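Owing to the predicted nature of the structure, the values given are computational and were not obtained by experimental measurement. Throughout, residue positions are numbered sequentially from 1 according to the sequence presented. All values below were derived from every heavy atom in this structure, side-chain atoms included, with hydrogens, water molecules and symmetry-related copies excluded.
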Amino acid sequence: QNNTSTPDTADSGYTLPTVAIDTFEIGSEGNEVGAELNGSATNASHVSVTLTGPNGLEQTFDVEVVNGAWSVDLSELELPEGSYSVEAVARDAQNNTSAPDTADSGYTLPTVAIDTFTIGSEGNEVGAELNGTATNASHVSVTLTGPNGLEETFDVEVVNGSWSVDLSELELPEGSY
């Protein structure tokens, strides 16, 4: 007779928390800085989120996980131009923690420079040149002011980092510009 028994098994598995950063965006549009930071977590009650940025910025937030989601309100922070990184770590009620998730974001404001601005005459011919460079910009708004209340505004496209205003069609009287 063969006496064998089937072993009893029990499954008492435990799953550590997990965290994911779904959206991390810091940017500027129309000179208004906007920011969004949110994510998801499983088997977690809270997420610790650390934001680092320019000028030594380091801010830590402890946010609650609700229905598997979390978010951080960044609207009250001063978020200057530059690069940012964020790290999120989820934890459960027993203080077990997840592996961190990280993300990067940031923005650089546009810059503009006038490289050449000349208005002059030679042989009774008036000549003018106005051009420059720009970074992180698609258009430049240029306002030319001059004598007799002259004020002309031009919206010019930036192409390969350069812009130029065509002044050839303007009546440019003698004076300071």
Side-chain angles (χ1 to χ4, degrees), residues 1-115 131-143 153-164:
Q1 175 175 22
N2 192 353
N3 263 345
T4 60
S5 64
T6 307
D8 283 340
T9 60
D11 199 7
S12 65
Y14 178 78
T15 305
L16 288 173
T18 63
V19 68
I21 298 169
D22 298 334
T23 305
F24 177 49
E25 295 176 0
I26 296 177
S28 174
E29 186 174 322
N31 292 329
E32 291 292 323
V33 175
E36 185 175 0
L37 174 55
N38 61 57
S40 57
T42 59
N43 302 317
S45 58
H46 286 82
V47 174
S48 178
V49 181
T50 302
L51 173 71
T52 56
N55 307 322
L57 171 71
E58 184 169 317
Q59 183 86 34
T60 300
F61 306 88
D62 186 56
V63 294
E64 189 174 359
V65 177
V66 178
N67 296 324
W70 58 270
S71 67
V72 176
D73 181 4
L74 300 174
S75 64
E76 299 299 316
L77 291 180
E78 291 287 328
L79 299 170
E81 167 183 27
S83 296
Y84 293 83
S85 63
V86 67
E87 179 182 90
V89 176
R91 74 176 184 280
D92 63 16
Q94 292 78 37
N95 282 327
N96 296 305
T97 58
S98 68
D101 192 16
T102 60
D104 297 307
S105 187
Y107 67 99
T108 303
L109 293 173
T111 62
V112 65
I114 298 172
D115 294 339
N131 61 55
T133 57
T135 60
N136 302 311
S138 59
H139 286 82
V140 173
S141 178
V142 180
T143 301
T153 300
F154 306 89
D155 182 41
V156 293
E157 186 175 8
V158 176
V159 177
N160 296 324
S162 298
W163 57 270
S164 178

Chemist: Minimum heavy-atom separation for Val156 to Ser164, with atom names?
Modeler: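 Minimum heavy-atom contact is CG1-O, 3.6 Å.
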Chemist: When rounded to the nearest 0.5 angstrom, what is the spacing between CG in Asn55 and CG in Leu79?
Modeler: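 That separation rounds to 11.0 Å.
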Chemist: If every non-hydrogen atom of Pro54 is compared with every non-hydrogen atom of Ser83, which pair is closest and at what distance?
Modeler: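 Taking every non-hydrogen atom into account, CD-O, 3.4 Å.
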Chemist: Quick one: pull up OG in Ser105 and CD1 in Ile26 and give me the separation to the nearest 0.5 Å.
Modeler: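 Those atoms lie 5.5 Å apart.
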Chemist: How far does CG of Asn95 sit from OG of Ser45, to the nearest 0.5 angstrom?
Modeler: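 Going from the CG atom of Asn95 to the OG atom of Ser45 covers 8.0 Å.
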Chemist: Would one find more than 12 heavy atoms of other residues, nucleotides or ligands at under 6.0 Å from atom CD of Gln94?
Modeler: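 More than 12 within 6.0 Å, yes.
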Chemist: Other residues, nucleotides and ligands only: do more than 12 of their heavy atoms fall within 6.0 Å of CD1 on Ile114?
Modeler: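 At most 12 heavy atoms, drawn from other residues, nucleotides or ligands, come within 6.0 Å of this atom.
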Chemist: Working to the nearest 0.5 angstrom, can you tell me the gap between Leu77 CG and Phe61 CZ?
Modeler: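 If we round to the nearest 0.5 Å, Leu77:CG and Phe61:CZ are 4.5 Å apart.
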Chemist: My understanding is that only one of Thr97, Asp62, Asn96 makes a side-chain hydrogen bond (donor to acceptor under 3.5 Å, both in side chains) with Arg91; could you say which?
Modeler: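 Of all the options given, the one that passes is Asp62.
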Chemist: Do you know the tightest heavy-atom contact between Glu64 and His46?
Modeler: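 Taking Glu64 first and His46 second, the nearest heavy atoms are CA-CD2, 3.9 Å.
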Chemist: Looking at Tyr84 and Gly106, what are the two nearest heavy atoms and their distance?
Modeler: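 Shortest heavy-atom contact: CD1-CA, 4.0 Å.
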Chemist: Side chain to side chain contact (heavy atoms under 4.5 Å, CB included), that's the test. Do Ser28 and Leu109 meet it? Break it down for me.
Modeler: CA-CA 7 Å; Ser28 174; Leu109 293 173; 3.7 Å; yes
Chemist: Any chance you could measure Asn38, atom CG, to Thr23, atom OG1, to the nearest 0.5 Å?
Modeler: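 Separation between the atoms: 4.0 Å.
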Chemist: Restricting to non-hydrogen atoms, name the atom on Leu74 and the atom on Leu51 that form the minimum distance, rounded to 0.1 Å.
Modeler: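 Minimum heavy-atom separation between Leu74 and Leu51: CD2-CD2, 4.1 Å.
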Chemist: Which heavy-atom pair separates Val89 from Pro100 by the least distance, and what is that distance?
Modeler: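 Taking every non-hydrogen atom into account, CG2-CB, 3.8 Å.
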Chemist: Return the CG to CD distance between Asn136 and Glu81, rounded to the nearest 0.5 Å.
Modeler: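 Asn136 atom CG to Glu81 atom CD measures 8.0 Å (nearest 0.5 Å).
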Chemist: Val19 vs Trp70, test: side chain to side chain contact (heavy atoms under 4.5 Å, CB included). Steps then yes/no.
Modeler: CA-CA 10 Å; Val19 68; Trp70 58 270; 3.7 Å; yes
Chemist: Between Ser98 and Thr18, do the side chains contain a donor N or O and an acceptor N or O under 3.5 Å apart?
Modeler: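 There is no such pair between these side chains.
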